[in-house]
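In what follows, a single structure is set out as structure tokens and then discussed.
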2 protein chains.
Amino acid sequence: MTDDYKARVATIFDVARLAGVSHQTVSRVLNDLPNVRPATRQRVEKAIAALNYRPSPAARALVTRRSRTIGLITTGGPDYGPSSAVLHFNEAARNARYAVSMASMLKSEPDSLRSAVELLLRQNVEAIVLIAAHRGALDAVQGIELGVPLVAVDSSGRSGFHSVAIDQYRGARAAVAHLAGLGHTRIRHLAGPADSMDALERVRGWRDELAARGLVALEPMVGDWSPASGFGFGTALAQQGASLDFTAVFAGNDQMALGLVHALTGHGFTVPRDVSVIGFDDIPESAYFAPPLTTMRQDFDSLGRDILFTLLAVLADEDSPGVPPMVPELVIRSSTAPPPRPSLPTGG
Amino acid sequence: MTDDYKARVATIFDVARLAGVSHQTVSRVLNDLPNVRPATRQRVEKAIAALNYRPSPAARALVTRRSRTIGLITTGGPDYGPSSAVLHFNEAARNARYAVSMASMLKSEPDSLRSAVELLLRQNVEAIVLIAAHRGALDAVQGIELGVPLVAVDSSGRSGFHSVAIDQYRGARAAVAHLAGLGHTRIRHLAGPADSMDALERVRGWRDELAARGLVALEPMVGDWSPASGFGFGTALAQQGASLDFTAVFAGNDQMALGLVHALTGHGFTVPRDVSVIGFDDIPESAYFAPPLTTMRQDFDSLGRDILFTLLAVLADEDSPGVPPMVPELVIRSSTAPPPRPSLPTGG
DNA sequence: ACGATCTGTACCAGATGCGAC
DNA sequence: AGTCGCATCTGGTACAGATCG
């Protein structure tokens, strides 16, 4: 008697009774199957409306083994890029009448990843989307027998999964090209962590663009995306003293660029007079840094939508050509400029 | 024959057969019910492991009418605070063996909110979590017959729903107190949008703290959380000319503080020498702004966990005392300092 | 006779193949 | 042939009854 009065929801049988048909005729109407007389369909639909009937997804999922749910796995913290992509993906999915079940994890340990996948699988998700920065995340999932398609954000394009991506490589080349075009010849790279596919692609682009121009690549510094790591390397670089062995830095993301600039200016260098800095991502804050940061804008919104688009194509079993990767766009602001006058031979 | 070989998952009957018991006994061990001989339990567990059996949530949900799923609604863009909270909430939920079905929307129009709620309800979620900045979001949901508990992040505490919050009011007072303690008497406020509950609470805190100290409150500027709006107001303020009518600004969030500082310094003012600025949130970038931003840190991680904690309590039907709101913590960096020398009467 | 242990069967709310009009 | 209904199935849980020491 405690909760017996719990809103008893109408079932397909209630609808059938009210409409004066059998329950499977109702089922036909629900699923838009043929062979239902228009008049009958009308009656059923009226009954459905009258009872405010909604089919039970549980019962439906049980028998169809399909849930109209997509599993979404994300790894990493609340960064602007992934967060945007998630939001837009989610909205697109809802518009396509898919529910999305989310499993996020701060760290991407293989074990937790695997258990997240299993959790989703157990929910009968029809597909899995993986938005993970770490290469290891893809590897960890590789081994699992999924049974459903998986779409990953994978700029390396070598995961074997269906993938969507932003062309990090071309973005990086464009960034370096911008610097080189300004006259810089000694362009360092402050890279993201080695386990990040995006970071690797950007390193590759940086290296190739330098090579294509006959410029030498100094050993890249590898940070962890955080402003703190940018600050650390900036401080280390500044210790070189008054004359630096470079005139420009291509930072792997805007946060590291921020930390870097902060360290540099803290040591008496001026950006961009003494050194130019270009970032990557174009987070909303970048335009208001001091100086406003030149950076490569990534269209995360479209990325999110593209993920769903790809997913739908895969689910529809189309031999999806795949969405071509977008190319980041150069946003020129005030942190880049021509290099300082050719430095005179460094005295003792 | 196309997909008949689709990984046939083991059912409770398969386990029963392998263990030599009835499926019902298997159900008992699954649900930790008594009256199962230890030896039998062992056999069943071995069979479960051998078949890698996992109960079907669909079947279970069908009969129990419980889905072990929580619906999560978020509104707004990919901001640091909400994103963090979502991530931590999600992880906590998974640890509590709850799935979370997400419905995010960039804008919080009543219609889309309502349809999101219905979508989740149809999925038989056991509860709904609402992480929305806009007051209107709560109002829109008020009218809906939910049938399940709803926990909202609501710093106003007047929504009628179960709520979790960070004490924006006390945070704001602490921010103003910091400024006042430094000797400032003319403290302006750059507020968040009027439809944000947090923004309103901060305005209230700012006003009350000023009043408590016998200081006058100049009309607050209301921005939209974006650095651009901060920049806009900063520019406007700077137009006042060499002598400003204030010595400190309490910004509603770090982004607006960033834009504000950028505008001020662009017009020849120095922070904190000429004007002190304090932000709110402590986003990861704040420590590397120029100058590093003094701000009020909000513990979004704990907020996310508290949401789940509260939800669990509500679901357990406890007369939840509720988690007491956390108080933001003052983080003193370099954007605040004592006010400039008492300004001499302004000449013509 | 009786409590611990286990089994049989009904049931949740739909989808679907086959047969009947 | 076009409409519609009956029976059966999905994979679990719940409750009553059977078995055994």
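Chain identifiers are assigned alphabetically (A, B, ...) following the order of the sequence lines, protein sequences preceding nucleic acid strands; residue numbering begins at 1 within each chain. Keep in mind it's a predicted model, so treat the numbers as computed, not measured.
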By salt bridge (charged side-chain N to carboxylate O under 4.0 Å, His left out) - contacts of D198(A) (at least two apart): R202(A)
Sequence-distant partners of D139(B), salt bridge (charged side-chain N to carboxylate O under 4.0 Å, His left out), two or more places apart: R135(B)
Suppose we screen for side chain to side chain contact (heavy atoms under 4.5 Å, CB included). Which residues come up paired with F309(B), at least two apart in sequence or across chains? V323(B)
Partners of A19(A) by side chain to side chain contact (heavy atoms under 4.5 Å, CB included), sequence neighbours excluded? V21(A), V44(A), A47(A)
Sorted by first residue and then second, give each salt bridge (charged side-chain N to carboxylate O under 4.0 Å, His left out) pair with at least one member in residues 108-134 of chain B; sequence neighbours left out. R66(B)-E126(B), D111(B)-R114(B), E118(B)-R122(B)
What residue pairs, at least two apart or across chains, pass salt bridge (charged side-chain N to carboxylate O under 4.0 Å, His left out) with a residue in residues 33-44 of chain A? D32(A)-R41(A)
Base, sugar-phosphate, or nothing for R54(B), non-hydrogen atoms under 4.0 angstrom? sugar-phosphate
Give me the bend of the helix from dC2(C)-dG21(D) to dC21(C)-dG2(D), using the axes of the five pairs at each end, rounded to 10°. 50°
Nearest-Å distance for atom pair [atom1]/[atom2], residues [X] and [N]:
X: L62(B); N: dA14(D); atom1: CG; atom2: C1'; value: 13 Å
X: F13(B); N: dG8(C); atom1: CZ; atom2: C1'; value: 11 Å
X: R66(A); N: dG14(C); atom1: CZ; atom2: C1'; value: 15 Å
X: I12(A); N: dC6(D); atom1: CD1; atom2: P; value: 14 Å

Residues of residues 116-125 of chain B with a heavy atom under 4.0 Å from any atom of DNA chain C, listed by number, are none
Residues from residues 21-39 of chain B sitting under 4.0 Å of DNA chain C, heavy atoms only? V21(B), S22(B), H23(B), Q24(B), T25(B), R28(B), N35(B), V36(B), R37(B)
Does anything in residues 77-89 of chain A pair up under side chain to side chain donor-acceptor pair (under 3.5 Å), and if so which pairs, sequence neighbours excluded? H88(A)-D301(A)
If you define the side chain from C-beta out and look only at heavy atoms, does anything of [X] sit under 4.5 Å from [Y]?
X: Y98(B); Y: L119(A); result: no
X: D306(B); Y: M326(B); result: yes
X: S27(A); Y: I12(A); result: yes

Nearest of dG14(C), dC6(C), dC4(D) to any side-chain atom of T40(A)? dC4(D)
Check whether T40(A) reaches the backbone of V36(A) with its side chain - one donor and one acceptor, N or O, closer than 3.5 Å. no
Enumerate the residues from residues 43-53 of chain A whose closest heavy atom to DNA chain D is under 4.0 Å, giving them by residue number; use none for an empty result. none
Exactly one of L146(B), V314(B), V153(B) should register a side-chain contact (heavy atoms from CB on, under 4.5 Å) with F161(B). Which one does? L146(B)
Looking at residues at least two apart in the chain, or sitting in another chain, which of them share a ring pair (Phe, Tyr, Trp, His ring centres under 6.0 Å) with H23(A)? F13(A)
